[in-house]
Amino acid sequence: MTHRLSLRRALWPPRGAALVRRLAPLIAVSLLVVPALTACDPGGLLGTAKASGPLDCKIYQEKTPKDGAPLLLVLLDVTDNSAATATRVASRVQPYLDAALRDGSYIRLVATAGGPMIYSDCFHGDRMFQVKRRNSAREEKDRAAASKALGTEISQVVQSTKVGPTGSATPLLAGINDEVATVRATPGVKATAVTALVWSDLLGTGGQADCLNVDGKTASVTIAEAVVKRCFETGQIRSAGATRVRFIGVNEGSADRPQQELARYLKGELCRRISSDCD
Amino acid sequence: MCVGVALALTVGLAATGCGSGSGGASFVAAPHAIRSAPAVAADPLPPLSKFVTQPDGSQVTTVSSDYLFDSNSSTLMPQAVTALEQILPAVREHPGRISVIGYSDGLGRTEDNQELSLDRAKAVEAWLATQNIPSSVLDVEGRGKQGARDGVPDASRRRVEIVLR
């Protein structure tokens, strides 16, 4: 105590100390009032500070029950990083976020746009997302707010992804098993059923070595079958086993008729080979 | 006092990390870019109107289920109508019975494939009925995996046959 007082005196000479004493109440009030007036988040003072980034995802997370929780693996093949596309992606993912927040689920997000894999600060897959409250009305309200916030996070991932001139969904599909294994290997994580949600138009332009490159191809069932068969025969894409796979980006953009047809055939062929539960 | 208020405001903003623009500081939109779309050539529909005479004298035409239906679906795609319209003249002129037979590939459970192939044949029959082809002359059958290699997703097996008997 003596040491602390002497230190204060050393730092604050008598006149300065008097000034601080006069300003102390004003500063204290300003710490709470100013952020409110400027629409800033005072969470830092109230114990709910954002860890890093624009959204603290921990506030939407709960302790995982003993029997584990399902895993939602969100895979984004970003071909257009406009705000409009980002909104479309988020809206297609939204029902899955709603279900995750209601039932409890790990969420891991991986995005690519022809370059390296991009991982989300929020959706690591290491903690279970869920919003539970004692009051059901409150729970519903908080869950809706959480869903909106997580949707915004996904939209921002899309918009912040640098899109290259070429690419395809091949690396994302090839990585499903590894991503699931990574989550399962995380200490404390017990992932049960896995759903891989794939946002991709499946219209790849990744170069000749990329098995899902369909540049110059004809929109026929036979071609789609051959393309996908090659993906699996060369090991560029492997079966995801019991993982539920949902393709949500096919024909959501401005593809022309032949592109739409080929994308539809490719989705069917991929579904037949990648998982026993695919749509 | 004014100095005090200014100092307090500054401290309030700084201490709570509310500097200008910090709310979304970690979100920086990348420059807008779109991946080049691949050039995909259109594939003409198979010549559905061409019926092939079988050894028993009946005539058959085959259409890929992938043209008519989405994967795992028995709802006709909008463009399926264009394909089916090609066979209407021959069907209208045929005096005998007409069979609509669905097949699946060898992937998946036998009973699921049986059901899907039958549902798809029924969907074609239902469309023919809307074209004033009386149901009384139409037979519908689902043959599922029949003839397909088990576990093989062979596109040529996924088809609907229309047989003029």
Side-chain angles (χ1 to χ4, degrees), chain A residues 22-23 26-27 29-31 33-35 38-42 44-45 52-54 79-83 113-114 156 159-167 203-205 213-225 255-259 261-262 264-265 267-269 271-273 276 279, chain B residues 1 3-20 22-46 63-67 69-73 77 79 105-109 112 151-156 158-159:
Chain A
R22 278 208 303 274
L23 286 176
L26 194 58
I27 290 171
V29 168
S30 73
L31 286 171
V33 174
V34 172
T38 54
C40 283
D41 180 5
L45 290 172
S52 64
T79 59
D80 174 1
N81 58 9
S82 67
Q156 292 184 350
Q159 291 179 74
S160 59
T161 301
K162 288 179 184 168
V163 177
T166 60
L203 296 170
T205 53
N213 171 30
V214 293
D215 194 32
K217 298 280 194 298
T218 300
S220 79
V221 176
T222 315
I223 294 292
E225 186 180 35
D256 61 24
R257 181 67 178 273
Q259 289 168 339
E261 289 287 294
L262 185 57
R264 185 169 73 80
Y265 300 148
K267 179 188 162 190
E269 292 300 330
C271 264
R272 288 182 190 98
R273 287 172 170 83
S276 54
D279 190 22
Chain B
M1 189 61 192
V3 174
V5 170
L7 178 64
L9 287 170
T10 307
V11 170
L13 283 167
T16 51
C18 289
S20 61
S22 77
S26 61
F27 166 60
V28 179
H32 180 230
I34 299 175
R35 183 187 297 165
S36 307
V40 177
D43 190 36
L45 284 169
V63 59
S64 164
S65 292
D66 293 346
Y67 283 103
F69 306 98
D70 221 338
S71 180
N72 273 330
S73 166
M77 302 282 293
Q79 61 268 34
D105 62 20
L107 201 67
R109 298 196 315 161
D112 292 344
V152 178
D154 181 354
S156 67
R158 299 188 295 271
R159 66 193 195 277

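Just so it is clear, the model here is predicted, and its values are computed rather than measured.
No other option in A:S160, A:A255, A:A113 has as many heavy-atom pairs under 4.5 Å with chain B as A:S160. In terms of heavy-atom pairs under 4.5 angstrom with chain A, the leader among B:H32, B:R35, B:R158, B:M77 is B:R35. Of the listed residues (B:P153, B:A29, B:P38), the one with the most heavy-atom contacts under 4.5 Å to chain A is B:P38. Contacts with chain A were tallied for B:G108, B:A39, B:S71, B:S156; B:A39 has the most, counting heavy-atom pairs under 4.5 Å.
Looking only at distances, a side-chain donor or acceptor of A:N81 sits under 3.5 Å from a matching main-chain atom of B:A33. Formation of a donor-acceptor pair under 3.5 Å by the A:Q159 side chain with backbone atoms of A:S82 is not found in this model. The main-chain N or O of B:A155 is found under 3.5 Å from a side-chain atom of A:E225 such that the two form a donor-acceptor pair.
Interface residue A:L203: backbone and side-chain heavy atoms are both found under 4.5 Å from chain B. At a 4.5 Å heavy-atom cutoff, the contact between A:K217 and chain B is made by backbone atoms alone. With a 4.5 Å cut-off on non-hydrogen atoms, B:D154 touches chain A through its backbone and its side chain both. Only the side chain of B:N72 comes within contact range of chain A, judged by heavy atoms closer than 4.5 Å. Both the backbone and the side chain of A:R272 come within less than 4.5 Å of a heavy atom of chain B. For chain B, the nearby part of A:T166 is the backbone; its heavy atoms alone come within less than 4.5 Å.
Under 3.5 Å, the side chains of A:E261 and A:Y265 contain a donor-acceptor pair of N or O atoms. Side-chain atoms of B:Y67 and B:D43 include a donor-acceptor pair closer than 3.5 Å.
Legend: residues meeting side-chain contact (heavy atoms from CB on, under 4.5 Å) with B:S73, ordered by chain and number and at least two apart, are B:D70, B:T75. With sequence neighbours excluded, no residue forms a ring pair (Phe, Tyr, Trp, His ring centres under 6.0 Å) with B:F69.
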